[in-house]
**Student:** 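The structure's right below; bear with me while I get my questions together.
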Number of protein chains: 2
Amino acid sequence: MFSKSCEYGLRAAIFIAQQSKLKNKVSLSTISEEINSPQAFTAKILQQLTRNNIIKSIKGPYGGFMVEEEKMSTQLSEIVNVLDGDSIFTGCGLGLKQCDASAPCPLHFEFVEIRERLKKMLENTTLISITDELNIESTILKP
Amino acid sequence: MFSKSCEYGLRAAIFIAQQSKLKNKVSLSTISEEINSPQAFTAKILQQLTRNNIIKSIKGPYGGFMVEEEKMSTQLSEIVNVLDGDSIFTGCGLGLKQCDASAPCPLHFEFVEIRERLKKMLENTTLISITDELNIESTILKP
DNA sequence: TTTAAAAAGGATAAAAAGGTCTTTTAATCT
DNA sequence: AGATTAAAAGACCTTTTTATCCTTTTTAAA
Ligand code: FES
Ligand code: FES
């Protein structure tokens with residue numbers, strides 16, 4: 001469904017958001033331990049999220065990564081878009097060059113509904129909405 | 001969503017099924033033209049579908065590929081399973097080692113619904129159901 | 001101001017996916 | 001039987017994804 005980059009990126013962003021809610025900055029090594037991802041690769045992904053202004057990084061001792069208050073409303077769809085592009089939201093299920101109801105593939109009408117539901121779900125889920133729920137239900141970020 | 005192999009494989013299988021309904025065998029070159037896929041690569045994919053007994057191949061002059069009558073009820077989910085494995089049907093959206101309601105990731109409950117809907121759709125769609133519809137609606141397999 | 005912690009950036013490497021080419025095998029026609 | 005046609009099989013190549021390593025830059029604290 002999503003690339004490895006995207007999976008790690010989502011898990012990382014959620015973990016950082018959790019900690020930011022508790023006013024903690026977190027270092028790369030902590031993040032990759034807590035979400036069980038390869039450290040150096042995770043660093044690259046965090047750079048992308050930083051460049052795209054989804055998380056904030058602070059260099060130097062006592063530095064780390066955090067999600068700023070106003071970025072806590074970031075939709076997961078934005079993160080997916082940064083890391084995997086938008087083909088999951090707009091592409092044809094059978095790989096036709098463009099998904100178009102006027103020239104539909106055999107799966108089009110059913111596929112679009114599922115794709116839209118996925119899109120809506122990722123748009124309606126934000127870093128803040130997840131970290132709020134995390135306090136209630138017990139969900140996890142590593143295997 | 002699906003790999004290129006899977007996209008080509010689904011398009012090819014649907015095209016072959018269409019033609020089999022008209023009692024036509026189709027050659028590799030025809031298939032790759034009609035579904036707009038790279039020929040040599042498509043050959044590899046058709047071999048997989050043949051080995052997995054989803055389509056039938058006939059060598060020699062007047063040979064080609066076809067879907068046998070009893071295989072027209074093949075579910076698209078079987079083709080996806082052969083070409084991409086079952087991770088799309090069972091894997092965790094955030095890439096946790098296993099998707100498990102007792103240790104759910106933050107997306108689990110919503111993700112499972114979408115994943116199940118995709119699975120049901122691909123199980124309910126068969127080569128025969130698609131080729132029946134193809135006569136009614138005008139759906140396409142390329143570009 | 002020196003030190004050390006931490007991210008950024010660049011180079012590289014391994015693995016997987018995507019794709020091509022050549023030889024072999026099987027079927028049909030003459 | 002021999003020539004021809006078409007897929008099967010396996011070797012090979014290219015690109016993308018996934019991943020590591022190492023150096024540089026930044027910066028807080030002693
Ligand atoms: S054309 Fe294939 S999903 Fe829309
Ligand atoms: S645990 Fe992540 S989708 Fe089920």
Side-chain angles (χ1 to χ4, degrees), chain A residues 1-13 16 19-20 24-68 80 82-85 87-88 95, chain B residues 1-13 15-16 19-20 24-33 35-68 80 82-85 87-88 91 94-95:
Chain A
M1 185 74 74
F2 304 124
S3 70
K4 283 283 170 199
S5 294
C6 192
E7 291 174 352
Y8 296 149
L10 288 167
R11 301 220 300 272
I16 298 167
Q19 295 300 313
S20 290
N24 299 332
K25 273 170 294 194
V26 279
S27 69
L28 171 61
S29 60
T30 303
I31 295 168
S32 65
E33 273 164 36
E34 290 299 319
I35 70 172
N36 197 45
S37 67
Q39 183 167 327
F41 188 46
T42 306
K44 298 293 176 195
I45 297 162
L46 294 177
Q47 276 177 47
Q48 287 185 73
L49 295 181
T50 302
R51 277 196 292 269
N52 283 276
N53 202 30
I54 288 168
I55 61 180
K56 188 181 177 193
S57 71
I58 296 129
K59 285 188 183 179
Y62 294 78
F65 295 90
M66 57 171 297
V67 176
E68 288 174 301
V80 170
V82 163
L83 298 172
D84 276 359
S87 69
I88 191 107
Chain B
M1 185 74 78
F2 304 124
S3 70
K4 284 284 170 201
S5 294
C6 192
E7 291 174 353
Y8 297 149
L10 287 168
R11 302 221 299 271
F15 174 70
I16 298 166
Q19 295 300 312
S20 290
N24 299 332
K25 273 170 295 193
V26 278
S27 69
L28 171 61
S29 60
T30 304
I31 295 168
S32 65
E33 273 164 35
I35 70 171
N36 197 45
S37 66
Q39 183 165 327
F41 188 45
T42 306
K44 282 288 145 89
I45 297 162
L46 294 177
Q47 275 176 46
Q48 287 185 71
L49 295 181
T50 303
R51 277 197 293 268
N52 283 276
N53 203 29
I54 288 168
I55 61 181
K56 190 182 177 191
S57 70
I58 296 130
K59 287 183 183 180
Y62 296 81
F65 295 90
M66 58 171 296
V67 176
E68 290 175 301
V80 171
V82 162
L83 298 172
D84 275 2
S87 69
I88 192 111
L94 294 188

**Student:** How long is the straight-line distance from CZ of A:R11 back to CD1 of A:I16, given to the nearest 0.5 Å?
**Tutor:**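 That separation rounds to 12.5 Å.
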**Student:** Could you tell me the separation between the CE atom of A:M66 and the C1' atom of C:dA7, rounded to a whole number of Å?
**Tutor:**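 After rounding, the gap between these two atoms is 15 Å.
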**Student:** Does the side chain of A:T42 pick up a donor-acceptor pair with the side chain of A:S32 at under 3.5 Å?
**Tutor:**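 Note: A:T42 and A:S32 side chains miss the donor-acceptor criterion.
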**Student:** So what does A:S5 touch, heavy atoms closer than 4.0 Å: a base, only the sugar-phosphate, or nothing?
**Tutor:**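 Sugar-phosphate only.
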**Student:** Calculate the interatomic distance between A:Q47 atom CD and C:dG10 atom P; express it in whole Å.
**Tutor:**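 It works out to 9 Å between those atoms.
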**Student:** Could you please name the option among C:dA7, D:dT5, D:dA7 that lies closest to any side-chain atom of B:K59?
**Tutor:**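 Within the option list, the nearest is D:dA7.
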**Student:** Taking C-beta and beyond as the side chain, do A:T50 and A:F65 meet within less than 4.5 Å on heavy atoms?
**Tutor:**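 Yes, side chains in contact.
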**Student:** Is any side-chain N or O of B:R51 closer than 4.0 Å to OP1 or OP2 of D:dA9?
**Tutor:**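 Checking D:dA9 against B:R51, a side-chain N or O does come within under 4.0 Å of OP1 or OP2.
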**Student:** Both B:G60 and A:V26 contact DNA chain C. Which one's nearest nucleotide lies toward the 5' end?
**Tutor:**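 Per heavy-atom nearest nucleotide, the more 5' residue is A:V26.
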**Student:** Quick one: label A:I58 by what it contacts on the DNA or RNA (base, sugar-phosphate, nothing), any heavy atom closer than 4.0 Å.
**Tutor:**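 Sugar-phosphate, no base atom in range.
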**Student:** Can you tell me the distance, in whole Å, between the NZ atom of B:K44 and the P atom of C:dA16?
**Tutor:**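 Nearest whole value for this atom pair: 18 Å.
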**Student:** Looking at D:dA19, I'd like to know if its phosphate oxygens (OP1 or OP2) sit under 4.0 Å from a side-chain N or O belonging to A:Y8.
**Tutor:**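 Yes, because at least one side-chain N or O of A:Y8 sits under 4.0 Å from OP1 or OP2 of D:dA19.
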**Student:** Please pick, from C:dG9, C:dA7, C:dA27, the nucleotide with the shortest atom-to-atom distance to any side-chain atom of B:P61.
**Tutor:**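 Nearest nucleotide to the side chain: C:dA27.
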**Student:** For D:dA6, does either OP1 or OP2 sit under 4.0 Å from a side-chain N or O belonging to B:S57?
**Tutor:**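 The answer is no; no side-chain N or O of B:S57 sits under 4.0 Å from OP1 or OP2.
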**Student:** Rounded to the nearest angstrom, tell me the gap between atom CG in A:L28 and atom C1' in C:dA8.
**Tutor:**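 These atoms are roughly 11 Å apart.
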**Student:** Grab the CD1-P distance between A:I35 and D:dA19 for me, whole Å please.
**Tutor:**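 Rounding to the nearest Å, CD1 of A:I35 and P of D:dA19 are 11 Å apart.
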**Student:** To the nearest Å, how far apart are A:F2 CZ and D:dT17 C1'?
**Tutor:**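 In whole Å, D:dT17 C1' lies 17 Å from A:F2 CZ.
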**Student:** Name the nucleic acid region contacted by A:S29, choosing base, sugar-phosphate or nothing; use a 4.0 angstrom heavy-atom cut-off, strictly under.
**Tutor:**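 Answer is nothing: A:S29 stays at 4.0 Å or more from every strand.
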**Student:** Quick one: A:L83 CG to D:dT18 P, roughly how many Å, whole number?
**Tutor:**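 Nearest whole value for this atom pair: 11 Å.
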**Student:** Side-chain contact test, heavy atoms from C-beta onward, threshold under 4.5 Å: evaluate it for B:F15 versus B:T30 and give yes or no.
**Tutor:**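 Yes; the side chains approach each other to less than 4.5 Å.
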**Student:** What nucleotide among C:dA7, D:dT18, D:dC21 has an atom nearest to a side-chain atom of A:A40?
**Tutor:**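 Given the options C:dA7, D:dT18, D:dC21, the side chain of A:A40 is closest to D:dC21.
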**Student:** Starting at atom CZ of A:F41, determine the distance to atom C1' of C:dA7, rounded to an integer number of angstrom.
**Tutor:**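 After rounding, the gap between these two atoms is 17 Å.
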**Student:** Using only modelled atom types and a 3.5 angstrom limit, is any donor from either the side chain of A:Q39 or the base of D:dA19 paired with an acceptor on the other?
**Tutor:**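 By the distance-only test, no, there is no pair.
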**Student:** Between atom NZ of A:K4 and atom CG of A:D84, what is the distance when rounded to the nearest 0.5 Å?
**Tutor:**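 Answer rounded to 0.5 Å: 12.0 Å.
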**Student:** Quick one: on DNA chain D, does A:Y62 or A:P38 contact a more 5' nucleotide (nearest heavy atom)?
**Tutor:**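 Going by which nucleotide is closer to the 5' end, it is A:P38.
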